[in-house]
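Shown next, in structure tokens, is the structure this report addresses.
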Amino acid sequence: MLHLPAANPTRDALNTSEFVALGTNDRLSGVAHATAIGSRYVYVSGRNSSSTQLGALPARFILRLVDRTVAGRVLETDLELSYSVREARGVAVVPSATRVPDPASPELTIVDERVYLLARGPDTLLILDVLNAAGTAPDAGTTPSVRIVSALPVPAGASELEVIPRGPGRGNLVAVTGSGDEAVAIFDEEVGQLVAQVQVGDNDPNQPSQPFGLAADVRGNSARIFTSTFGDGRVAIIDIPDLDRPQNARLVARLGARQGRDPRQGTSLCQETSP
């Protein structure tokens, strides 16, 4: 994992101390895919990889935690021992609870976090609770406890996710993309299942849209989702007018001209035109 200083995010500012090896307890580092920054730990997902020299390699880990306060400290969650998946992709974290055991010692405030992790093989949205995520619980030391809350099936090719909060005491919405699908799926924590699938492509079997990257703009009780479509080189816009009724999510626009398809890679081919 690479730590890139925000004050000077350039290659010249990097040195060897900014690189964090992800190996734990003599286990191989493997290949990382995505990161999410929590109160103390950076959550890192692990994926399959391939290279000319070594060929195809399986994921060495599903989720590891990198301590931001202790240099070189990496924790293994061993999630694969509780739920079998082939590899992990997108990851996100949000605070879930704050406890103050002793008002006279606010520095010992205990923070719990909820982590959302996409996995493949099978395609799954794993929802995890991380207790003592800041490592301040006096009876638990600095090591957090990770447990699986639920595992929900998602469309093929699970890629990225975006958490859409609905405020304190409410279950979140989670938007999910899948590179093997034509839609953005929306999951409702309060219902515990998928509540909407919004088509973002043209349903062309010769050029699937392959939704991938996600971003959300939440305003009051509504949200607008932006998703890049890897297969045709556009950005799709989805509106959720009422976060209490996510099943009414709808496609409202596509930005950009549809790009051609690169037969060598199966992805969109950037086409530039002069004004």
Side-chain angles (χ1 to χ4, degrees), residues 33-36 45 47 88-92 94 116-120 122-125 152-166 171-191 193-275:
H33 179 82
T35 60
S45 64
R47 61 172 291 174
R89 293 300 176 107
V91 61
V94 297
Y116 304 86
L117 179 67
L118 280 179
R120 291 183 178 181
D123 293 283
T124 306
L125 170 62
L152 305 171
V154 297
S159 297
E160 299 298 330
L161 54 77
E162 180 76 14
V163 179
I164 302 171
R166 287 196 288 200
N172 297 314
L173 301 176
V174 184
V176 174
T177 57
S179 60
D181 196 59
E182 284 279 309
V184 172
I186 299 176
F187 290 82
D188 188 339
E189 272 194 299
E190 294 183 349
V191 178
Q193 64 184 24
L194 181 151
V195 293
Q197 286 186 283
V198 182
Q199 295 290 122
V200 296
D202 296 317
N203 288 317
D204 181 353
N206 296 314
Q207 188 174 358
S209 62
Q210 297 180 284
F212 187 76
L214 282 167
D217 180 14
V218 180
R219 301 191 183 190
N221 199 46
S222 62
R224 172 161 285 184
I225 300 171
F226 302 84
T227 179
S228 61
T229 49
F230 194 68
D232 60 18
R234 294 186 290 185
V235 174
I237 301 177
I238 298 168
D239 275 356
I240 307 178
D242 184 349
L243 296 183
D244 293 326
R245 296 178 177 273
Q247 65 272 20
N248 293 335
R250 64 182 187 272
L251 177 72
V252 295
R254 297 188 185 96
L255 304 181
R258 186 185 188 196
Q259 304 297 300
R261 191 167 185 81
D262 186 343
R264 297 168 299 175
Q265 301 184 62
T267 58
S268 60
L269 178 64
C270 181
Q271 302 172 31
E272 296 183 4
T273 57
S274 300

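No hydrogens, no waters, no symmetry mates; every other heavy atom, side chains included, goes into these values.
What you find for Ala223 and Ile164 is that their closest heavy atoms are CB-CG2, 4.1 Å. Summarising the geometry of Arg120 relative to Ser159, their closest heavy-atom pair is NH2-OG, 3.3 Å, with the distance given to 0.1 Å. Across all their heavy atoms, Ser179 and Gln210 have their closest contact at O-CG, 3.1 Å. Ala249 approaches Ile238 most closely through the heavy-atom pair CB-CG2, 4.2 Å. Taking both residues in full, the closest heavy atoms of Val198 and Arg250 are given as CG1-C, 4.0 Å, listed atom of the first, atom of the second, then distance. In plain terms, the two heavy atoms of Ala88 and Leu117 that are nearest each other are CB-CD1, 3.9 Å.
Using modelled atom types, one side-chain atom of Asp181 and one backbone atom of Ala183 make a donor-acceptor pair closer than 3.5 Å. Although no hydrogens or angles enter the test, the distance criterion places no donor-acceptor pair under 3.5 Å between the side chain of Arg245 and the main chain of Ile240. Under the 3.5 Å distance criterion, the side-chain polar atoms of Gln247 are left unmatched by any main-chain donor or acceptor of Ala196. Of the possible polar contacts, one joining the Ser228 side chain to the Gly213 backbone as a donor-acceptor pair under 3.5 Å is found.
Two residues are said to be in side-chain contact when any heavy atoms from C-beta on lie closer than 4.5 Å; Arg89 and Ser45 fail this criterion. Residues Val218 and Pro165 meet the side-chain proximity criterion, which asks for heavy atoms closer than 4.5 Å. A heavy-atom distance below 4.5 Å is not found between the side chains of Thr227 and Ile237. Two residues are said to be in side-chain contact when any heavy atoms from C-beta on lie closer than 4.5 Å; Phe187 and Val154 meet this criterion. For the pair Val174/Ile186, no side-chain contact is recorded, criterion being any heavy-atom separation below 4.5 Å from C-beta on. Two residues are said to be in side-chain contact when any heavy atoms from C-beta on lie closer than 4.5 Å; Val91 and Leu118 fail this criterion.
Salt bridge status for Arg166 with Glu190: present, with a side-chain N to carboxylate O gap under 4.0 Å. No salt bridge links Arg224 with Asp217; every basic N to acidic carboxylate O contact stays at or beyond 4.0 Å. The existence of a salt bridge linking Arg234 and Asp202 is confirmed by a sub-4.0 Å separation between a basic side-chain nitrogen and an acidic carboxylate oxygen.
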Using the side chain to side chain contact (heavy atoms under 4.5 Å, CB included) rule, take Glu160 and His33 through it: C-alpha gap first, then chi angles, then the decisive distance, then the call. CA-CA 10 Å; Glu160 299 298 330; His33 179 82; 3.1 Å; yes
Start with the C-alpha distance between Glu182 and Val200, add both sets of side-chain angles, then the distance that settles side chain to side chain contact (heavy atoms under 4.5 Å, CB included), and finish with yes or no. CA-CA 6 Å; Glu182 284 279 309; Val200 296; 5.9 Å; no
Check: side chain to side chain contact (heavy atoms under 4.5 Å, CB included) between Leu194 and Leu152: does it pass, once the steps are laid out?
Finding: CA-CA 8 Å; Leu194 181 151; Leu152 305 171; over 6 Å; no
Item to check | Test side chain to side chain contact (heavy atoms under 4.5 Å, CB included) applied to Asp232 and Gln259, step by step | outcome: CA-CA 5 Å; Asp232 60 18; Gln259 304 297 300; 5.5 Å; no
Problem - Worked verdict on Asn248 versus Asp242 for side-chain hydrogen bond (donor to acceptor under 3.5 Å, both in side chains) - result: CA-CA 8 Å; Asn248 293 335; Asp242 184 349; over 6 Å; no
Would Tyr116 and Glu162 count as a side-chain hydrogen bond (donor to acceptor under 3.5 Å, both in side chains) if you check the C-alpha gap in whole Å, the side-chain angles of each, and the deciding distance to 0.1 Å?
CA-CA 9 Å; Tyr116 304 86; Glu162 180 76 14; over 6 Å; no
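Within the model, atoms CZ of Phe230 and OG of Ser209 stand 12.0 Å from one another, a figure rounded to the nearest 0.5 Å.
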